[in-house]
Amino acid sequence: MDYQYIIEGNELAQEVVYEKVAKDFKGEWDGEHLRVENSWADIDIHSFTFLDEMYISISTLHFQKPVLFKSSRSEDEQPYFALKIGFTGSFLGDEQKHDFNNLGVFFYNSKQNFEVEYPVDTKCQWLSIVFSLEVYEKFMGKQNSQITQLIHEESSWFKYFPLDVEIENLVKALFFNLDKKRRRPIQFFTKPLEIIGLVREKMEKEASGFKRNIHEDDLKIMMQLKEQYLSDFTQQPNLSDLSFKYGMSISKLNRVFKSIFDKPILQFYNQQKIEEAYRQINRTNKSITAISMDLNFTNVGYMSKMFKDAYGFPPSELRNKE
C-alpha cells in the first residue's frame with residue numbers, strides 16, 4: 001500500500017518523532033502536547049516522560065488517508081518494552097451510531113519490529129507505555145521466574161491480551177485527567193505502573209504463550225486484518241473474502257492469525273464480540289435485547305448462552321449488579 005505518511009522513530013526518543021510530525025504537518029508540539037489539524041489528519045497526543053526511561057502517551061488519531069506507524073531502534077541501545085493499548089469506541093447514548101473497533105493490549109520488546117496501519121476515516125485511541133529494563137526491575141523486582149527469563153531474552157517476542165475491565169478503568173482514569181494539570185503528573189506516573197503490574201500478572205499465567213521471532217510482515221498483516229476486518233460486530237467476517245484479499249488459503253490464514261492471537265479468526269472474533277457485550281451491559285443503559293441485536297447475535301438467548309459460557313453467569317446477573 002502507498003501511505004500518505006509514515007510515522008517512524010525510536011520509541012525511547014518520542015520527542016524527536018513528535019517534533020518531526022509537528023514540522024511535517026505544520027502542527028504544534030510544546031514538549032508535552034502535539035496538535036495537528038488539517039483537511040485529512042487530526043492528531044491529538046499528550047506525552048510525558050518519567051525517570052528519563054519511561055514514556056507515557058495518549059493519542060487520539062483520525063486520518064482520511066492511509067498512515068503507518070513503524071517502530072525502529074539502533075542495535076546499541078538498551079532494551080525496552082512497549083505496551084500499546086487500543087482504546088477506541090465509547091458509548092455516549094443509546095441512540096448514537098457506534099463503531100465497534102477492537103480493543104486490546106499489545107506487549108512487545110524492542111527486538112520486535114512493530115507496525116500499525118491506521119484505518120482510514122476511523123478514530124483511533126491508543127495508550128502507549130514504553131519503559132526500559134532498568135525501570136521494570138526497579139518497580140517490579142528481579143525475582144527468578146519465567147517472567148525474568150522472558151524480560152532478559154535476546155530474541156524478539158510479542159503478546160496480545162484482551163482489554164479487561166480492570167485495565168480499561170485505569171486507561172479511562174488517564175483520559176479523564178488529561179485536562180487536570182495538578183493531578184496529571186501523579187496520575188500519569190502511578191496508573192501506568194499499575195497497568196504494568198496487571199500485565200505482569202497476566203504474563204505469569206501465560207509466559208509460555210508469548211510469541212517469539214514473529215516475522216514483521218505477518219504481524220503487520222494480521223494486525224491489519226484484526227483492526228480493519230474484525231472490528232465490525234454487526235457483520236461476521238467472510239473467510240473466503242479474507243482469503244482472497246490476503247492471497248492465502250483459509251487454513252493458512254487461520255494458522256498465521258492463530259500464531260499471533262492464539263485463536264483462529266472466527267473464534268477470536270466471537271470472543272471479542274462477547275467481550276463487547278460485557279462492556280456494553282456494564283457501561284450503558286441499553287437493554288440486553290438491544291445489545292444482542294446491535295452486535296448481530298442470532299437472538300438474545302444465544303448471546304446469553306455464549307456470555308454464560310465465557311463468564312460463568314448470565315448477562316442479567318451482571319446488569320443486576322449495577
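- Within the 4.5 Å cutoff, no side-chain heavy atoms of Leu230 are placed close to those of Gln272.
- Tested against Leu219, the residues Glu216, Met223, His215, Met222 include a single side-chain contact (heavy atoms from CB on, under 4.5 Å) partner, Met223.
- With sequence neighbours left out, Asp309 forms a salt bridge (charged side-chain N to carboxylate O under 4.0 Å, His left out) with Lys305.
- Legend: salt bridge (charged side-chain N to carboxylate O under 4.0 Å, His left out) pairs involving residues 41-67, not counting sequence neighbours, sorted by first then second residue: Arg35-Asp42.
- Taken to the nearest 0.5 Å, the CG atom of Leu51 stands 8.5 Å off from the OG atom of Ser132.
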Check the pair His62 / Asp121 against side-chain contact (heavy atoms from CB on, under 4.5 Å), numbers first and verdict last.
CA-CA 6 Å; His62 196 165; Asp121 196 23; 3.2 Å; yes
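- In this structure, Ser304 contributes its side chain and Val300 its backbone to a donor-acceptor pair below 3.5 Å.
- The two residues Ala82 and Val130 come nearest to each other via the heavy atoms CB-CG2, 4.1 Å.
- The cluster map of Ile, Leu, Val, Met, Phe, Trp and Tyr, joined by side-chain heavy atoms under 4.5 Å apart, puts Met203 and Leu133 in the same cluster.
- Taken from OH in Tyr108 to CG in Asn113, the straight-line distance is 10.0 Å, to the nearest 0.5 Å.
- By the rule that hydrophobic residues join a cluster once side-chain heavy atoms approach within less than 4.5 Å of another member, Phe176 and Leu170 end up as members of separate clusters.
- Atoms CD and NE2, from Glu154 and His152 in turn, are 10.0 Å apart once rounded to the nearest 0.5 Å.
- Pairing each heavy atom of Ser155 with each of Asn213, the nearest pair is CB-OD1, 3.5 Å.
- For Glu153, the salt bridge (charged side-chain N to carboxylate O under 4.0 Å, His left out) criterion is met by Arg212, not counting sequence neighbours.
- Linking ILVMFWY side-chain heavy atoms closer than 4.5 Å, directly or via other members, places Tyr302 and Leu266 in a single hydrophobic cluster.
- The closest side-chain heavy-atom distance from Tyr269 to Tyr229 is not below 4.5 Å.
- The local environment of NZ in Lys211 is crowded, with over 12 non-hydrogen atoms from other residues, nucleotides or ligands closer than 6.0 Å.
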Under 3.5 Å, side-chain donor or acceptor atoms of residues 248-256 against the rest of the protein: list the pairs with distances, not counting sequence neighbours.
unit_1: Ser249; atom_1: OG; unit_2: Ser251; atom_2: OG; d: 3.1
unit_1: Ser249; atom_1: OG; unit_2: Lys252; atom_2: N; d: 3.1
unit_1: Asn254; atom_1: OD1; unit_2: Ile265; atom_2: N; d: 2.9

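- Residue pairs that meet the salt bridge (charged side-chain N to carboxylate O under 4.0 Å, His left out) test with at least one member in residues 186-195, sequence neighbours left out, are Lys191-Glu194.
- Remark: Glu28 CD is loosely packed, at most 12 non-hydrogen atoms of other residues, nucleotides or ligands lying under 6.0 Å away.
- The shortest non-hydrogen separation linking Ser156 to Ile214 is OG-N, 4.2 Å.
- Annotation: side chain of Thr60 is in contact with side chain of Phe175 (closest heavy-atom distance under 4.5 Å).
- Here the CD1-OH distance, from Ile221 to Tyr246, works out to 7.5 Å after rounding to the nearest 0.5 Å.
- In the displayed structure, Lys26 atom NZ is contacted under 6.0 Å by at most 12 heavy atoms of other residues, nucleotides or ligands.
- Within 6.0 Å of atom CD in Glu134, 12 or fewer heavy atoms from other residues, nucleotides or ligands are found, so the atom counts as exposed in its surroundings.
- Within the 4.5 Å cutoff, no side-chain heavy atoms of Asn299 are placed close to those of Met293.
- A pairwise comparison of heavy atoms in Phe161 and Val199 identifies CE1-CG1, 4.0 Å as the closest pair.
- In this structure, a donor-acceptor pair under 3.5 Å is present between the side chains of Gln271 and Glu275.
- Scored by the ring-ring contact (aromatic ring centres under 6.0 Å, His included) test, Tyr5 finds Phe25 as partners (sequence neighbours excluded).
- In this pair, Phe106 and Trp126 present their aromatic rings tilted. The plane angle is within the 30 to 60° band.
- Contacts classified as salt bridge (charged side-chain N to carboxylate O under 4.0 Å, His left out) and involving residues 155-164 (residues at least two apart or in different chains) are given here: Lys159-Glu206, Lys159-Asp262, Asp164-Lys202.
- Pairs passing the salt bridge (charged side-chain N to carboxylate O under 4.0 Å, His left out) check and including a residue from residues 3-18, sequence neighbours excluded, read Glu11-Lys84.
- Under the ring-ring contact (aromatic ring centres under 6.0 Å, His included) criterion, Phe261 pairs with Tyr160, Phe257, Phe268, sequence neighbours left out.
- Of the listed residues (Trp40, Phe63, Tyr3), just one forms a ring pair (Phe, Tyr, Trp, His ring centres under 6.0 Å) with Tyr118, and that residue is Phe63.
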Assess whether side-chain contact (heavy atoms from CB on, under 4.5 Å) is satisfied between Glu166 and Glu201, documenting all intermediate values.
CA-CA 12 Å; Glu166 196 169 7; Glu201 291 177 11; 5.7 Å; no
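- Thr284 contributes a side-chain N or O that, together with a main-chain N or O of Lys286, makes up a donor-acceptor pair within less than 3.5 Å.
- Every residue two or more places apart in sequence or in another chain that forms a salt bridge (charged side-chain N to carboxylate O under 4.0 Å, His left out) with Glu32 is listed here: Arg184.
- Residues Val105 and Ile195 have side chains not in contact (no heavy-atom distance under 4.5 Å, counting atoms from C-beta outward).
- With contacts defined as side-chain heavy-atom distances shorter than 4.5 Å, the pair Phe48/Ile58 does not qualify.
- Looking only at side-chain heavy atoms (C-beta outward), Tyr18 and Ile43 stay at 4.5 Å or farther from each other.
- Residues Asp218 and Ser259 have side chains not in contact (no heavy-atom distance under 4.5 Å, counting atoms from C-beta outward).
- The two residues Phe188 and Phe50 have their closest heavy-atom pair at O-CE1, 3.2 Å.
- Between the side chain of Lys70 and the backbone N or O of Ile6 there is no donor-acceptor pair closer than 3.5 Å.
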Audit row: Ile260, Lys226, side-chain contact (heavy atoms from CB on, under 4.5 Å) steps and yes/no
CA-CA 11 Å; Ile260 295 171; Lys226 173 188 176 296; over 6 Å; no
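- Separation of atoms CD (Gln280) and CG (Leu295) is listed at 5.0 Å; rounding is to 0.5 Å.
- When atom types are taken as modelled, the side chain of Asn177 and the backbone of Lys180 share no donor-acceptor pair closer than 3.5 angstrom.
- Clustering ILVMFWY residues whenever any of their side-chain heavy atoms sit less than 4.5 angstrom apart, transitively, puts Leu318 in the very cluster that holds Val165.
- For Tyr311, the ring-ring contact (aromatic ring centres under 6.0 Å, His included) partners are Tyr278, Phe307, not counting sequence neighbours.
- When the ring-ring contact (aromatic ring centres under 6.0 Å, His included) test is applied to Phe139, the partners found at least two apart in sequence or on another chain are Phe189.
- Residue Ile45 comes nearest to Ser57 through the heavy atom pair CG2-CB, 4.3 Å, listed as atom of the first residue, atom of the second, then distance.
- Rounding to the nearest 0.5 Å places OG1 of Thr298 at 9.5 Å from CE of Met306.
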